[in-house]
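So you know, we letter chains A, B, ... as the sequences are listed, proteins then strands, and number each from 1.
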Amino acid sequence: MARAGLVTSPPSPAWCVLGRGGGGRTVLVLLPAEGEELSHRDCAPEELAEAVARIEAEHSPRWVWSDAAAWYPRLLAAGVTLERCHDLRLVHRILRHSELVREADGLRAADEWDTPLDPYEPPRETGATLFDIDAGSSRSGAVPGEIEETLAELTRQREAIDGSREAPRLRLLIAAESAGALIAAELQAAGIPWDVVEHDRILTEALGPRPSPGAAPERMVSAAAEVRTALGDPLVSLDSPPKLLRALHRAGIDVSSTSQWELQGHEHPAVEPLLRYKKMSRLLTANGWAWLDEWVHEDRYRPVYVPGGVVTGRWASSGGGALQIPRRLRPALCAAPGWLLVSADVSQLEPRVLAAMSADRQMIAAGAGKDLYSGIVEAGIVTTRQEAKVGVLGALYGGTTGDSGRVVPRLRRTFPEAMALVDGAAATGERGGTVTTWLGRSSPAPEESWTLAQRTANQPDAPAGEQERSRRSERDRGRFTRNFVVQGTAAEWALSWMAALRLRLARFPEVAEDERASASGPVFSRRAHLAFFLHDEVIVHAPAEQAEAAATAIRESADAAGRLLFPGSPIDFPLDLQITERSAEK
DNA sequence: GGAAACAGCGCG
DNA sequence: AAAGCGCGCTGTTTCC
């Protein structure tokens, strides 16, 4: 009954709203349960962390603020963690688009809440700097973060939720999204334990020793020389696609672009060193020594996560490329001495989410307790696991050609409910409609110009070229909405997983602080904590004696997330789980 | 001379 | 062997 526990609020759900007041002070408004008295107080910047910690200990309220990204980092720095929050800016963007909200005009009018906070901009609230001015009195418009506007937005949002067609689902989504905001700030504060020596070793092995500034590494220089010799062009730039393409043509290599997948089909002696050069160039520019200098300090890599940064609800990152760390650098992700990494990823998250959403019994059965793709092979639908994978991805992404185009029709016969769900989402998108995830995040409506252009092109007298272009545009949008419902619901599952895990880990006992683990700061060097998240994968950094318990917590949380989203469904979400000192390359 | 777009490639 | 969805980041080219 995990679901009921979250949906029907406990008897006295205090909310504590944080906002900027006058004179650089912060106002705290405690919204109590009915019948109790509303209370508020304000405090100076240097008193804030202590005041928040005291209220958290006494009432454990849901903290309401403009953005976790603006308020939470300095609380964490002061050693304060919070259990739950309501992130108005993230929630605003969900509610104003959601099809489940009946009346969103008020929210849409408050468009100052639509702007995502620029993570590079220093936080503009709480008056924690000495130079803070009293913004409240000097501005005319409503400003997120000021206490009056914060309370007004909370009221708008509560009305929108209470009046929605499916308030319980929306409440789950909002709680999960807000938990994500806490987690993102905590992940950044804790940092990813990073072994600079190992990273340097991988770079040196691949590229040669670190060159002096401005120079290219040895092995890139020699690979480039091989390419130029083979092309008979001693000066050609390998970093300029147009120039390189012309040089390739002059050497008789018939390609339409310089991308690796097109090059690798050709026999020419320039191809092998060129592909080698491209690999090295990529590693150097994206995650080379300059990246190490910029992003890793005191054994921690601290990327910037952007919760809700993708339309589907997935996280994005901004700076540091947290979600694109190449697998070959994974071994640099390494536990502090005396600590361990507990890594877990969900097998075939998206297909399983689709199976659960559509309650497709055959598809659920194919994945029950094992690899879903192997299950499809065993059911006799295809002959190889690779075929099953390509077919399922084609179903999720709207593939029509090649292997996936051949397998999808067979999947449609075997898994009719699952396929009907994604096919329906695609049809809605092609018509210009909106689709919605399991918990209520809706896809953005198409631009007005798009709808208009489609209507014009669909007139019988429209030029054939225009009609063709219009059909292609419709299909593009259909593939987007087809994938949106699945990718978005998978993101909701992952948030629920992490939210449950985070609360379990917070109840772990404290251990003695370790010298190297202390690089994670006062909060995260005394017990197991989340260190990494990547769509369907988490890594917990744990004192060795807590690693087994952390693994159990990860599994329990995955089960809890499944029950929370799909109560009563037989769907399962098996994990690949490993306890190691060093992350595996795979 | 700086912003925007593109190419290419890393991740799920 | 690539395709079909969603991203970020770098270096280069193009545009204003």
- Message: Using a heavy-atom cut-off of 4.0 Å across all strands, would you classify A:Val390 as base, sugar-phosphate, or nothing?
- Response: base

- Euclidean distance, atom CZ of residue A:Arg475 to atom C1' of C:dC5 [Å, nearest integer]: 16 Å

- Closest listed nucleotide, where the reference is the side chain of A:Val310 and the choices are C:dC7, C:dA3, C:dT13: C:dC7

- Of the candidate nucleotides C:dT12, C:dG6, C:dG8, which contains the atom at the shortest distance from the side chain of A:Arg282? C:dG8

- Does a side chain donor of either A:Gln362 or A:Thr414 reach within less than 3.5 Å of an acceptor in the other side chain? no

- Item | Spacing of A:Arg482 atom CZ relative to C:dA3 atom P, expressed in whole Å | 18 Å

- Separation of atom NZ in A:Lys389 from atom C1' in C:dG4, rounded to whole Å: 14 Å

- Query: For the pair made of CG in A:Leu244 and P in C:dG11, what is the distance, rounded to whole Å?
  - Reply: 17 Å

What pairs of donor and acceptor atoms, side-chain ones from residues 205-216 of chain A against any protein atom, are under 3.5 angstrom apart with sequence neighbours left out?
residue	atom	partner	partner atom	Å
A:Glu205	OE1	A:Arg201	NH1	2.9
A:Arg210	NH2	A:Asp293	OD2	2.7

- Query: Under 4.0 angstrom, heavy atoms only, what part of the nucleic acid is A:Ser237 near: base, sugar-phosphate, or nothing?
  - Reply: nothing

- Message: Under 4.0 Å, heavy atoms only, any strand: does A:Leu349 hit a base, just the sugar-phosphate, or nothing?
- Response: nothing

- For A:Phe533, all residues meeting ring pair (Phe, Tyr, Trp, His ring centres under 6.0 Å), sequence neighbours excluded: A:Trp315

I'd like a table of donor-acceptor pairs (distance under 3.5 Å, sequence neighbours excluded) in which one partner is a side-chain atom from residues 281-290 of chain A, with atom names and distances.
residue	atom	partner	partner atom	Å
A:Thr285	OG1	A:Ser281	O	2.9
A:Thr285	OG1	A:Arg282	O	3.4
A:Trp289	NE1	A:Asp200	OD1	2.7

- Message: Between A:Thr258 (side chain only) and A:Pro241 (backbone N and O only), is there a donor and an acceptor less than 3.5 Å apart?
- Response: no

- Could you tell me the separation between the CG atom of A:Leu411 and the P atom of C:dG4, rounded to a whole number of Å? 17 Å

- Message: Salt bridge or not between A:Glu474 and A:Arg471? Use side-chain N to carboxylate O under 4.0 Å.
- Response: yes

- Task: Apply salt bridge (charged side-chain N to carboxylate O under 4.0 Å, His left out) to A:Asp476 and list each qualifying residue two or more places apart in sequence or on a separate chain.
- Result: A:Arg479

- Message: Within the 4.0 Å heavy-atom criterion, would you say A:Thr258 contacts the bases, only the backbone, or no part of the nucleic acid?
- Response: sugar-phosphate

- Query: Counting any heavy atom closer than 4.0 Å, what does A:Leu396 reach on the DNA or RNA strands: base, sugar-phosphate only, or nothing?
  - Reply: nothing

- Message: Between A:Arg504 and A:Ile554 (side chain of the first, backbone of the second, donor and acceptor by atom type, cut-off under 3.5 Å), is there such a pair?
- Response: no

- Query: Does C:dG6 fall in syn (glycosidic angle within 90° of 0) or anti?
  - Reply: anti

- Message: Checking A:Phe566 against A:Trp493 for the ring-ring contact (aromatic ring centres under 6.0 Å, His included) test, could you report, in this order, the C-alpha distance in whole Å, the side-chain angles of both residues, the deciding distance, and whether it holds?
- Response: CA-CA 10 Å; A:Phe566 308 109; A:Trp493 185 92; 9.0 Å; no

- Item | Quiz item: A:Asp403 side-chain donor-acceptor pair to C:dA3 base, under 3.5 Å | no

- Does C:dA2 have OP1 or OP2 sitting under 4.0 Å from an N or O in the side chain of A:Gln264? yes

- Item | Along DNA chain C (nearest heavy atom to each residue), the more 5'-positioned of A:Trp261 and A:Asn483 | A:Trp261

- Message: Would you say NZ of A:Lys278 has more than 12 non-hydrogen atoms from neighbouring residues, nucleotides or ligands within 6.0 angstrom?
- Response: yes

- Item | 5' precedence on DNA chain C between A:His535 and A:Glu262 (nearest-nucleotide basis) | A:Glu262

- Using the heavy-atom set of chain A and a strict 4.0 Å cut-off, write down the first and last nucleotide of DNA chain B that makes it in, 5' to 3'. B:dA7 to B:dG12

- Item | A:Glu294 CD - C:dC9 C1' separation (whole Å) | 11 Å

- Which whole-number value in Å describes the distance from A:Leu283 CG to C:dG11 C1'? 16 Å

- Record whether the side chain of A:Gln487 comes under 3.5 Å of the base of C:dG6 through a donor-acceptor pair of N or O atoms. no

- Query: Does the side chain of A:Thr436 come under 3.5 Å of the side chain of A:Ser442 through a donor N or O and an acceptor N or O?
  - Reply: yes

- Is there a side-chain polar atom (N or O) of A:Ser318 under 4.0 Å from OP1 or OP2 of C:dG8? no

- Nearest whole angstrom, please: distance from the C1' of C:dA3 to the CD of A:Gln260. 16 Å

- Task: Look at all strands and tell whether A:Ser317 reaches a base, only sugar-phosphate, or nothing, counting heavy atoms closer than 4.0 Å.
- Result: sugar-phosphate

- Message: Does A:Arg479 reach a base, just sugar-phosphate, or nothing at all? Heavy atoms under 4.0 Å.
- Response: sugar-phosphate

- Task: Consider the side chain of A:Arg314, meaning its heavy atoms from C-beta on, and name the nucleotide among C:dG11, C:dG8, C:dG6 that approaches it most closely.
- Result: C:dG6

- Message: Could you spell out the base pairing of DNA chain C as a dot-bracket line? Use Watson-Crick and G-U wobble contacts where both distances are under 3.5 Å, [ ] for crossing pairs, | for partners on a different strand.
- Response: ....||||||||||||

